[in-house]
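These notes are about the structure you will find just below.
Chain letters run A, B, ... following the sequence lines, proteins first, then strands; residues in each count from 1.
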Number of protein chains: 2
Amino acid sequence: MKTEKISELTIKRLSIYLRCLKELADSRVVTTSSQTLAEQFQLNSAQIRKDLTYFGQFGERGVGYNVEELRTHLTKILGLETQHRIGIVGAGRLGMALASYVGFDPNCFKVVALFDKDNSCLGMDLRSGVHVHHIKDLKEIIIQKEIVIGVVAVPESDAQEVVDQLTEAGITAILNFAPVRLNTENGIKLKTMDLAKSFESLSYYLSNEATGDKESTVTISGFEEK
Amino acid sequence: MKTEKISELTIKRLSIYLRCLKELADSRVVTTSSQTLAEQFQLNSAQIRKDLTYFGQFGERGVGYNVEELRTHLTKILGLETQHRIGIVGAGRLGMALASYVGFDPNCFKVVALFDKDNSCLGMDLRSGVHVHHIKDLKEIIIQKEIVIGVVAVPESDAQEVVDQLTEAGITAILNFAPVRLNTENGIKLKTMDLAKSFESLSYYLSNEATGDKESTVTISGFEEK
DNA sequence: AATTGTGAATTCCTTCACAGCC
DNA sequence: GGCTGTGAAGGAATTCACAATT
């Protein structure tokens, strides 16, 4: 691996490549090339090669990449060989929805606890099978259940406090759904999924689509804040 | 307004600026400057000025910007003076959670319908007060209820079909929560909020935080796909 | 012949720095 | 003096194009 700093955009594309490789593997494709991948999945072949070489030389000149081998490499690079345990703070509809979210591979991620400050929702959530704990037990449960990712699914007004509590409990990776800028200590990776911002961007498009703007598809991703 | 094409990043920042101005207005601040804004909200003053001047000259040299005035301008630029009506396809937990999401201003966005292919959840959703329609009535209800934004909250396997149906019904702005790349016709703005990708990026961070990576905070946003 | 890996070129975005105006 | 608006500089990300390799 090179020492160069690797951009968030590259990481996000590795996720995409991994998804593409999964699809190819399911179709029993053994070998592929950056060229073929790019055509099939509307990517840029040079970018694929450049992204990959930040982490090693996985291809063979004249041949291409072995699908399973590259898949293994990417899985390892993204840290997806071991399962990450997730705790969700906020047992409202959003928190509950996330707890029963089936979009990700259970080998990689698993929601193991919900937290809320409201006593009325404590106990077992029947649909997801996840226990709802009181927020006062946050640190204890995080340690006990070996939670490494915290999700903030509380209203805007409580979000900063929750981030502080998660940090205090030793969590270093946080996904936030509250539409606010949150302050974090050094060494904490905070990602914010900002629904309001996304809708506002769609609104801008709607107001301007008639006036000649021909831009089209966009995927939510990340840019550096700090 | 200039003819130059305006980047998605600029639009996203306008949302941020608008949020900051709201906060200032609430604190009865009448005038501000790019410098002050930048310090208060950890932005770059030159960027604020540059972003704004794509759309007009809203400031006064030597003085700064009038908070209310700039707020009005940004609201207009982002198309937020009129309410946008939202239809959510998929009445599972995620769809329901989004229907009762309170993170955005009801003056700007309102969820007016849910759709599902499963008959068992048709009828009124009590908590959000939104009616769940059968997907077969999608086009009819979209026209009748003047829906302009479609949200895809169905499993991966159904997402492309839903996008096609929304397009057929005349929807041009779509927010997708399924972790797949979807094909769209020209003139359709599709944004994807990819949970799986975000978690994978956190996973990468967790695997690499020990090895000297000191990067920290990130906000989910958008990069061009097409 | 085909395809990788990678410097060089290009494009896009951010930041600097200052002329122009209040 | 203070602050905007903006051309120029700098930096980052993408794409090109080709030498190296099988």
Atom [atom1] of [X] to atom [atom2] of [N]: distance rounded to whole Å?
X: A:Leu43; N: D:dT15; atom1: CG; atom2: C1'; result: 14 Å
X: B:Lys5; N: C:dC12; atom1: NZ; atom2: C1'; result: 8 Å
X: B:Arg49; N: C:dG20; atom1: CZ; atom2: C1'; result: 13 Å
X: B:Ile48; N: D:dC3; atom1: CD1; atom2: C1'; result: 13 Å
X: B:Gln47; N: D:dT4; atom1: CD; atom2: C1'; result: 16 Å
X: B:Phe55; N: D:dT4; atom1: CZ; atom2: P; result: 18 Å
X: A:Tyr54; N: C:dG7; atom1: OH; atom2: C1'; result: 13 Å
X: B:Glu8; N: C:dC13; atom1: CD; atom2: P; result: 10 Å

Listed nucleotide nearest any side-chain atom of [X], set [options]:
X: A:Arg61; options: C:dG5, C:dT6, D:dG5; answer: C:dG5
X: A:Asn44; options: D:dA13, C:dC13, D:dC16; answer: D:dC16
X: B:Glu60; options: C:dG5, C:dC22, D:dA13; answer: C:dC22
X: B:Tyr65; options: D:dG5, D:dC16, C:dT14; answer: D:dG5

Point to revise | Contacts of B:Glu161 that satisfy salt bridge (charged side-chain N to carboxylate O under 4.0 Å, His left out) - sequence neighbours left out | key: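 For B:Glu161 there are no salt bridge (charged side-chain N to carboxylate O under 4.0 Å, His left out) partners, ignoring immediate neighbours.
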**Study point:** Atom pair OG (A:Ser33) and CD1 (A:Ile48), whose distance is rounded to the nearest 0.5 Å
**Key:**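 So the OG of A:Ser33 and the CD1 of A:Ile48 are separated by 8.5 Å.
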Practice item. Please work out which of the three classes, parallel, tilted or perpendicular, describes the rings of A:Phe55 and B:Tyr204, given edges at 30° and 60°. Key: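 Judged by the thresholds at 30° and 60°, the geometry between B:Tyr204 and A:Phe55 is perpendicular.
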Practice item. Might you point out which heavy atoms bring A:Leu52 and A:Phe58 nearest each other, and give the distance in Å? Key: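 What the structure gives for the nearest pair is O-CE1, 3.6 Å.
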Check your understanding: Quick one, which residues of residues 29-37 of chain B touch DNA chain C with a heavy atom under 4.0 Å?
Key ->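 Under 4.0 Å from DNA chain C: no residue of residues 29-37 of chain B.
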Practice item. Between A:Lys50 and A:Val63, name the one whose nearest nucleotide on DNA chain C is closer to the 5' end. Key: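 That would be A:Val63.
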Exercise for review: Start with the C-alpha distance between A:Arg71 and A:Glu68, add both sets of side-chain angles, then the distance that settles salt bridge (Lys or Arg N to Asp or Glu O under 4.0 Å), and finish with yes or no.
Suggested key: CA-CA 5 Å; A:Arg71 218 182 142 188; A:Glu68 277 304 342; 3.4 Å; yes
Review point. Salt bridge between A:Lys191 and A:Glu8, side-chain N to carboxylate O under 4.0 Å?
Key: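 Looking at A:Lys191 and A:Glu8, the cut-off is met.
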**Study point:** Lys/Arg-Asp/Glu bridge criterion (N-O < 4.0 Å) met for A:Asp194, B:Arg19
**Key:**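 Yes, A:Asp194 and B:Arg19 are salt-bridged.
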Point to revise | First encountered from the 5' end of DNA chain D, between A:Gly62 and A:Ala46 | key: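 Its nearest nucleotide being more 5', the pick is A:Ala46.
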Check your understanding: Taking only N and O in the side chain of B:Arg13, is any of them less than 4.0 Å away from OP1 or OP2 of C:dT14?
Key ->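 Answer yes for this pair, as a side-chain N or O of B:Arg13 is under 4.0 Å from OP1 or OP2.
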**Study point:** Phosphate OP1/OP2 of D:dT6: any B:Gln57 side-chain N/O under 4.0 Å
**Key:**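 B:Gln57 to D:dT6 OP1/OP2: side-chain N or O found under 4.0 Å.
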